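Keep in mind it's a predicted model, so treat the numbers as computed, not measured. Counting from 1, the numbers follow the sequence of the chain as shown.
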Amino acid sequence: MSARLPSLLLLCVAAFALPLHADQAADALPAHTAFAPPAAAVPTHDAIKLPMPGLSYARHAGMEVLVIRSVASTAMVTRHGGQLVSFVPHGQQDLLWLSPTTTLPPQPIRGGVPVLWPYFSRQGQATQMPAHGLVRTLAWSVLQAQRHADGSMTVTLAPPPLPELPLSLRMTLRVGRALEQTLVTTNTSAQVVRFTQALHSYYRVGDVRQVQVEGLGGASYRDKHDGYTTAWVQAGRWSLGEAGARNGVDRIYGGVGGAYTLIDPVLRRKIHVRTGGSDSVVLWNPGEQAQTRMADVGAGWRHYLCLETANAGQDVVELAPGAQTRLSQRIEALALD
């Protein structure tokens, strides 16, 4: 990794080179702003003393994870990237998929819920810049932890400060019968900053070809398979089916936000996702082609669907000086009727 990486001046243009409106010029950050991420191995010090009741460090799938235990569930989040990699309500299977062949730190982790911030994909950045943001391979620290009267646990984590970036980030996880995940972004500068973000959730499913998603009916989307050139409208429930299995799905639904349900007849459950502060949903699975093109996915493409709570593509966040904004999701599994 080079000591200095190119300017972040182009931070917040539309994802995947989608067309920009005239007022979406690439002037999101001050001139001459550059970024050199610290190495993932740099020691990070938690602001609280661990272990403590309900919180401890352990090894999972070859990685150091913070284990969060509530009366109703267990979650795991990596120090590397602050990445939620497991959420298991008692008596249920994991709601999240983690690739058994994922690359390990210091590389990005495949699966769980990667935090994509402060840009989704590459939005005008030079190719030397990390894909999907700046915090996925940094060492996060634990800032606060609290056990609530209902037995749930809340933990707040953050990546190291990036002094030349006019934004700061914190993430809160509340782990109980459901899991609530919130990103809080603060504009630390004296000017408006434009950025994008996503909680890139990999939901574990029995067979993605049999899954349906409720809540997207009537929403407009753009599809990577046609170069994002056409605005399509979702008709009713989404499903991949056998016909779409070869190329999978890669869509950005814009101007949406609310509640969605993954209906999984194989695992006999429904995963409810309720979003907050989100104007986009990204739906992604690479399909059968992943077996030969993506070593850290392989045959595992059948067993996950990414439904990402996001502000991406043309849904760019404009944050006033000193202001904060929140992006959140609440996930919960129920038995299929």
Side-chain angles (χ1 to χ4, degrees), residues 15-16 60-63 76 78 81 83-88 92-104 107-116 120-122 131-132 136 198-216 221-228 232 234 237-253 260-271 273 280-310 312-313 329 331 333 336:
F16 301 114
H60 175 71
M63 299 175 286
M76 298 182 188
T78 62
Q83 190 157 326
L84 185 68
V85 292
S86 176
F87 173 56
V88 185
Q92 299 185 33
Q93 295 189 46
D94 206 319
L95 270 65
L96 301 175
W97 180 83
L98 177 65
S99 170
T101 57
T102 183
T103 56
L104 296 175
Q107 300 302 314
I109 300 165
R110 173 74 69 187
V113 186
V115 176
L116 312 188
F120 177 87
S121 185
R122 282 194 180 91
H132 281 317
R136 294 173 66 210
L199 293 168
H200 186 0
S201 307
Y202 288 72
Y203 293 107
R204 178 183 295 276
V205 299
D207 185 342
V208 71
R209 294 166 296 185
Q210 298 186 46
V211 168
Q212 294 184 318
V213 177
E214 286 185 335
L216 292 170
Y221 67 89
R222 293 180 183 265
D223 196 315
K224 187 177 182 180
H225 296 141
D226 66 6
Y228 302 107
W232 303 92
Q234 177 69 45
R237 291 180 175 179
W238 173 88
S239 64
L240 180 66
E242 294 291 345
R246 173 59 186 165
N247 295 320
V249 60
D250 199 340
R251 298 177 179 178
I252 300 176
Y253 291 81
Y260 311 94
T261 303
L262 282 72
I263 302 169
D264 185 347
V266 175
L267 297 185
R268 302 297 304 167
R269 70 181 180 186
K270 299 183 289 187
I271 299 177
V273 182
S280 312
V281 166
V282 180
L283 211 57
W284 179 69
N285 179 289
E288 293 176 356
Q289 61 184 336
Q291 295 185 137
T292 55
R293 297 182 184 180
M294 303 177 70
D296 58 355
V297 174
W301 72 271
R302 298 183 182 90
H303 301 303
Y304 76 81
L305 178 66
C306 287
L307 191 153
E308 307 172 38
T309 300
Q329 62 181 9
I331 62 177
L336 190 62

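The CE atom of M63 sits 6.5 Å away from atom OG1 of T78, with the distance rounded to the nearest 0.5 Å. With rounding to the nearest 0.5 Å, the separation of OH in Y202 from NE2 in H303 is 15.5 Å. If you take CG on L262 and CG on L267, they are separated by 11.0 Å, rounding to the nearest 0.5 Å. How far NE2 of H200 is from OG1 of T309: 12.0 Å, rounded to the nearest 0.5 Å. With values rounded to the nearest 0.5 angstrom, L84 atom CG is found 9.5 Å from L199 atom CG.
Closest non-hydrogen pair, A61 versus L104, comes out as O-CD2, 3.5 Å. The shortest non-hydrogen separation linking F120 to A198 is CD1-CB, 3.8 Å. Nearest heavy-atom pair, S280 versus A312, reported as atom, atom and distance to 0.1 Å: OG-N, 3.1 Å. The minimum heavy-atom distance linking Q83 with I109 is given by the pair NE2-O, 3.2 Å. For the residue pair L336 and P265, the shortest heavy atom distance occurs at CD2-CA, 3.8 Å. For the pair E308 and S201, the tightest heavy-atom approach, listed with the atom from each and the gap, is CG-N, 4.0 Å.
Counted by atom type alone, R251 and Q234 present one or more donor-acceptor pairs between their side chains at under 3.5 Å. Judged by distance alone, the side chains of S99 and D296 never bring a donor and an acceptor atom under 3.5 Å apart. Between the side chains of Q291 and R302, a donor-acceptor pair is found at a separation under 3.5 Å.
The shortest side-chain heavy-atom distance between V249 and Y221 does not fall under the 4.5 Å cut-off. Put simply, the side chain of P114 does not reach to within 4.5 Å of the side chain of H132, judged on heavy atoms. Proximity of K270 to E214: side-chain heavy atoms (C-beta onward) are nowhere separated by under 4.5 Å. The side-chain heavy atoms of Q210 and D264, taken from C-beta on, include no pair separated by under 4.5 Å. For the pair Y203 and I331, the minimum side-chain heavy-atom distance is below 4.5 Å. Between Y253 and W238, the closest side-chain pair of non-hydrogen atoms falls below 4.5 Å. Between V205 and V266 there is no side-chain heavy-atom pair separated by less than 4.5 Å. N285 has its side chain within reach of W301: a pair of non-hydrogen atoms, C-beta onward, lies under 4.5 Å apart.
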### Task
Evaluate the side chain to side chain contact (heavy atoms under 4.5 Å, CB included) criterion for residues R269 and Q93: first the C-alpha distance (whole Å), next the side-chain angles of each, then the deciding distance (0.1 Å), finally the verdict.
CA-CA 10 Å; R269 70 181 180 186; Q93 295 189 46; 3.9 Å; yes
#### Entry: side chain to side chain contact (heavy atoms under 4.5 Å, CB included) between R204 and I271, worked out
CA-CA 10 Å; R204 178 183 295 276; I271 299 177; over 6 Å; no
### Message
As a quick check of understanding, evaluate side chain to side chain contact (heavy atoms under 4.5 Å, CB included) for L305 and L240, giving each step before the final call.
### Response
CA-CA 10 Å; L305 178 66; L240 180 66; over 6 Å; no
### CA sep, side-chain torsions, deciding dist, call: R110, T103, side chain to side chain contact (heavy atoms under 4.5 Å, CB included)
CA-CA 7 Å; R110 173 74 69 187; T103 56; 5.9 Å; no
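The salt bridge (charged side-chain N to carboxylate O under 4.0 Å, His left out) analysis of residues 280-294, with sequence neighbours excluded, yields no pairs.
With hydrogens and angles disregarded, no donor-acceptor distance shorter than 3.5 Å links the side chain of D223 to the backbone of Y228. For the pair H60 (side chain) and M76 (backbone), a donor-acceptor distance under 3.5 Å is absent.
Classified by interplanar angle (parallel below 30°, tilted 30° to 60°, perpendicular above 60°), the ring pair Y304/W284 is tilted.
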